[in-house]
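The structure appears below as structure tokens.
Letters A, B, ... are given to chains in the order of the sequence lines, protein chains preceding strands, and every chain is numbered from 1.
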Number of protein chains: 2
Amino acid sequence: MISEAEAVVMEVLWLHEPRSAEEILAEVGPTQGWQEGTVKSLLNRLLKKKAVQAARDGRRYLYSARLTREQYVSQQSKGLLDRLFGGRVAPLVAHFSEQRKLSKRDIAELRKLLEELDDEQR
Amino acid sequence: MISEAEAVVMEVLWLHEPRSAEEILAEVGPTQGWQEGTVKSLLNRLLKKKAVQAARDGRRYLYSARLTREQYVSQQSKGLLDRLFGGRVAPLVAHFSEQRKLSKRDIAELRKLLEELDDEQR
DNA sequence: GATCATCGTTTACGCCTGTAATTTTTCAGT
DNA sequence: ACTGAAAAATTACAGGCGTAAACGATGATC
């Protein structure tokens with residue numbers, strides 16, 4: 001499984017691939033306060049975990065994701081759902097509702113989503 | 001922050017408090033395959049993290065949660081939401097919908113939930 | 001071809017985690 | 001008070017993580 005710091009690197013790859021280590025550092029260094037060596041280490045760990053791949057480009061490598069964001073999001077989401085909500089979505093949403101964490105926009109979008117499901121249905 | 005193994009211990013405390021280490025072991029040992037020392041260690045770490053408290057009861061302690069399940073669930077859920085869905089609930093639900101992970105029951109419950117929100121509204 | 005700057009690779013290191021074994025403390029009974 | 005069982009506290013230890021420094025390879029330059 002991929003760690004949180006590793007996920008930060010993946011996110012920038014998912015935005016735009018392939019990228020060199022230098023480009024990734026430029027993207028992520030300022031926000032995270034990471035040095036070059038840190039990014040290099042994370043990339044190597046991701047390589048070892050087969051979450052990214054590297055293609056030589058002259059003296060450097062260009063990295064791209066092998067793990068898709070969809071796959072990652074699914075793993076993480078299912079993990080949380082299973083651990084905390086008995087694997088069901090409605091209780092999760094109910095939780096946020098009780099917490100008053102549903103925005104107007106969320107509610108509108110959820111409504112539309114349910115309508116669309118309704119349409120598919122019939 | 002509390003780890004996954006620690007969360008397993010918390011879950012049994014949340015079901016019924018307070019409990020002795022022995023009772024917790026009885027609950028969790030078989031399912032997790034943990035020895036006595038393992039549970040004791042986890043309890044001590046949870047004490048250090050102030051997630052549980054212990055009250056002497058003769059030669060042993062009775063443990064109870066200080067962190068509530070609500071607090072824990074909120075932290076975890078918000079963490080996932082922020083990291084993966086821009087902090088918004090609707091995209092999370094959309095994700096599960098696309099993944100065909102919404103059960104009939106989920107859909108029915110979500111519908112009811114939205115109706116209730118509607119009622120509060122007016 | 002030797003040298004320097006650049007990448008990448010290897011090693012480091014302290015903290016957290018999972019999983020105990022070991023040691024110490026504490027009652028209960030003699 | 002002394003001993004033994006039971007509980008708790010301390011220590012252990014390997015692997016992962018965050019964060020880099022050190023080392024090595026490689027291509028560009030003189």
Item to check | Sub-4.5 Å side-chain heavy-atom contact between Thr38(A) and Gln35(A) | outcome: yes

Next on the checklist: For dG8(C), does the base pair up with any side-chain atom of Arg56(A) as donor and acceptor (N or O, under 3.5 Å, distance only)?
Outcome noted: no

Checklist entry - Cut-off 3.5 Å, side chains only: do Ser103(B) and Asp106(B) have a donor facing an acceptor? => result yes

Checklist outcome for this item: Assign each of Arg60(A) and Glu6(B) the nucleotide of DNA chain C bearing its closest heavy atom; nearer the 5' end lies the nucleotide of Arg60(A)

Next on the checklist: Starting the side chain at C-beta, find the nucleotide from dG18(D), dA7(D), dA20(C) nearest to Ala5(A).
Outcome noted: dG18(D)

Checklist entry - Looking at dT19(C), dA8(D), dT19(D), which one has an atom nearest to any side-chain atom of Arg45(A)? => result dT19(D)

Next on the checklist: Is there a side-chain contact between Trp34(A) and the phosphate of dT19(D), meaning an N or O under 4.0 Å from OP1 or OP2?
Outcome noted: yes

Checklist entry - Rounded to whole angstroms, how far apart are NZ on Lys40(B) and P on dT24(C)? => result 16 Å

Checklist entry - Could you give the NZ-to-P distance, from Lys48(A) to dG16(D), as a whole number of Å? => result 10 Å

Next on the checklist: Closer than 4.0 angstrom, basic N to acidic O: yes or no for Glu17(B) and Arg69(B)?
Outcome noted: no

Checklist entry - So what does Glu36(A) touch, heavy atoms closer than 4.0 Å: a base, only the sugar-phosphate, or nothing? => result nothing

Checklist entry - Under a 4.5 Å cut-off applied to non-hydrogen side-chain atoms, are Val89(B) and Gln99(A) in contact? => result no

Next on the checklist: Side chain of Tyr63(B), heavy atoms from C-beta onward: which of dG8(C), dA20(D), dA8(D) has the nearest atom to it?
Outcome noted: dA8(D)

Next on the checklist: Determine whether a donor-acceptor pair (one donor, one acceptor, N or O, separation below 3.5 Å) exists between the side chain of Arg59(B) and the base of dT24(C).
Outcome noted: no

Checklist entry - Does Ser41(A) place a side-chain N or O at less than 4.0 Å from the phosphate oxygens OP1/OP2 of dT9(C)? => result no

Checklist entry - Contact class for Thr38(A) (heavy atom, under 4.0 Å): base, sugar-phosphate, or nothing? => result base

Checklist entry - Mapping Gly33(A) and Gly37(B) to their closest nucleotides on DNA chain D, which lands nearer the 5' end? => result Gly37(B)

Checklist entry - Are OP1 or OP2 of dT17(C) and a side-chain N or O of Lys49(B) less than 4.0 angstrom apart? => result yes

